[in-house]
Amino acid sequence: MGCFFSKKSKRKSSGTDERTPTTTVDPAATGNAVSLGNSGGEEPRQYSWDKREKVDPKDYMLTGLKDVTVGRLPGKLNGQQFVIQDCENCDIYVFDHSAAVTIDDCVNCRVVLGPAKGSVFFRDCRDVKCVVACQQFRTRDCKKMEVFLCCATQPIIESSTGMKFGCFQYFYPELAFHFKDAGLSVFNNNWSNVHDFTPVSGETNWSLLPEAAAVLGSVPPPGPESDFKSLRISAEADRSIVPLTKGGRRRSSEESCLFVFFAGEYSTANARKLIDEASAKGFALIQTKEVSMRPEDVKRVFQNSAEALVECVTNGPVIALELSGDGVVEACRSIADEVFSGTKVFVSDNKNTSSRDVDSFFNFADMQMGL
């Protein structure tokens, strides 16, 4: 079906004068009229939209660049959308939170993106290495990418090949605030749960990066001559804002343990403390989740322990961690007694039922998050 557009008619001039006739007004008749103009010398009223700072679209785009180091410092985006396109052999650092980011037709680039409240979408890119945190991650028609990812939902690739994924590991001083501004939890990371929208029989379009893969080996920090030289950047696992999880990689032990912190002033700090304690003992962090629960959810997930926990979920989201390794249940119970004795927590009771605890909670969490 075609589209019909109306156009203004071009009338031919004629000899007839079609101007609007002039109306004569009696001054006496308007002597008591109120002027609609600003004849009194008062300044015109200003509205909130008049005071808004003008936005230049060019401030939120990087396009047509080659062989340069570019990006945005903290505070330059403040939650706006951002576009990167037609860049080649560039180092791109966006150290701020955004609404969403699209990256089109980029080749041989290294990219760091601060947290995006919505989606990060790569299209028609190849040989790109990146560090990304977002609500939704997608690629289409991309080749040979390395992605160190924190994604609240299931990452999706479409018509893409040679895709490799690793867990987000990064730090700069404002990053924790940027996660909060973007509405993202550092404990909700599905980096290894990739969905291939266009699988090819007999071929593998994506894989996981080696566990020893170094972020800065793929995406080097800004050079000393760049505009970002003053930022303190680290990709060490113990400094990363997002906990380093094993994800879908092969485990060294079949024993696992569920450890849950209930909402409180120090729940995030307590979760990080547990990770440090468990890591020092040689246990692996498999996955984490931060979700809200209702009293009926508690009864379904925690079963025999539910009665003592129902009131705990009314204060806010819970933070759950799955830890793995031989003897992990006993070790976690000892940590709970020695380190978190005054804190309300749930810890798997024994190794015979711990796998059921893990499956019950994380299946619930995935359903809550639509995974």
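These numbers were taken from a predicted model, which means no experiment stands behind them. Values reported hereafter were calculated over all heavy atoms of this structure, with side chains retained and with hydrogens, waters and symmetry mates removed.
- Using modelled atom types, one finds a donor on one side chain and an acceptor on the other under 3.5 Å when comparing Thr245 with Trp191.
- Put simply, the side chain of Arg249 gets close to the backbone of Leu209: a donor and an acceptor are under 3.5 Å apart.
- Just one residue in the list Arg251, Lys289, Lys246 forms a salt bridge (charged side-chain N to carboxylate O under 4.0 Å, His left out) with Glu322, and that residue is Arg251.
- Summarising the geometry of Cys312 relative to Ala308, their closest heavy-atom pair is SG-O, 4.0 Å, with the distance given to 0.1 Å.
- Heavy-atom contacts from other residues, nucleotides or ligands closer than 6.0 Å to CG of Asn304 number 12 or fewer.
- A ring pair (Phe, Tyr, Trp, His ring centres under 6.0 Å) check over residues 217-236, counting only residues at least two apart or in different chains, returns the pairs Tyr93-Phe228, Phe95-Phe228.
- There is no side-chain donor-acceptor pair under 3.5 Å between Asn108 and Asp127.
- Listed for the Asp337 side chain is no donor-acceptor partner under 3.5 Å among the backbone atoms of Ser334.
- To the nearest 0.5 angstrom, Asp297 atom CG is 13.0 Å from Leu309 atom CG.
- Checked by atom type and distance alone, the side chain of Gln81 never pairs as donor or acceptor with a backbone atom of Val101 at under 3.5 Å.
- Between the side chains of Asn205 and Thr161, no donor-acceptor pair is found at a separation under 3.5 Å.
- Counting all heavy atoms, side chain and backbone alike, Asp105 lies closest to Cys125 at N-SG, 3.8 Å.
- The pair Asp96-Lys76 fails the salt-bridge criterion, with no side-chain N (NZ, NE, NH1 or NH2) lying under 4.0 Å from an Asp/Glu carboxylate O.
- Of the N and O atoms on the side chains of Thr153 and Gln136, not one donor lies less than 3.5 Å from an acceptor on the other residue.
- Residues Gln169 and Ser240 bring no donor and acceptor atom of their side chains to less than 3.5 Å of each other.
- A donor-acceptor pair under 3.5 Å is absent between the side-chain atoms of Ser160 and the main chain of Ile157, judged by distance alone.
- When atom types are taken as modelled, the side chain of Ser354 and the backbone of Ser256 share a donor-acceptor pair closer than 3.5 angstrom.
- Salt bridge status for Asp359 with Arg356: absent, with no side-chain N to carboxylate O gap under 4.0 Å.
- A salt bridge does not link Lys273 with Asp276: every distance from a Lys NZ or Arg NE/NH1/NH2 to an Asp or Glu carboxylate oxygen is 4.0 Å or more.
- Proximity of a side-chain donor or acceptor of Ser360 to a complementary backbone N or O of Asp357 within less than 3.5 Å is not detected.
- No donor-acceptor distance shorter than 3.5 angstrom exists from the side chain of Gln135 to the backbone of Ser119, with no hydrogens or angles considered.
- Under the 4.0 Å criterion applied to side-chain N and carboxylate O atoms, Glu277 and Arg272 are not assigned as salt-bridge partners.
- Under 3.5 Å, the side chains of Thr63 and Gln85 contain a donor-acceptor pair of N or O atoms.
- Note: Phe137 and Phe165 have perpendicular aromatic rings, judged against thresholds of 30 and 60 degrees for the angle between ring planes.
- Under a 3.5 Å cut-off, the side chain of Ser159 and the backbone N or O of Asp141 do not form any donor-acceptor pair.
- Under 4.0 Å is where a charged nitrogen must lie from a carboxylate oxygen, and between Lys351 and Glu330 no such pair does.
- Closest non-hydrogen pair, Cys106 versus Ile103, comes out as SG-CG2, 3.7 Å.
- More than 12 heavy atoms of other residues, nucleotides or ligands shown are found within 6.0 angstrom of CZ on Arg123.
- Checked by atom type and distance alone, the side chain of Asn188 never pairs as donor or acceptor with a backbone atom of Ala152 at under 3.5 Å.
- Side-chain atoms of Glu255 come within 3.5 Å of backbone N or O of Val328 as a donor-acceptor pair.
- Following chains of ILVMFWY side-chain contacts shorter than 4.5 Å, one cannot reach Ile92 starting from Val219, and the two form parts of different hydrophobic clusters.
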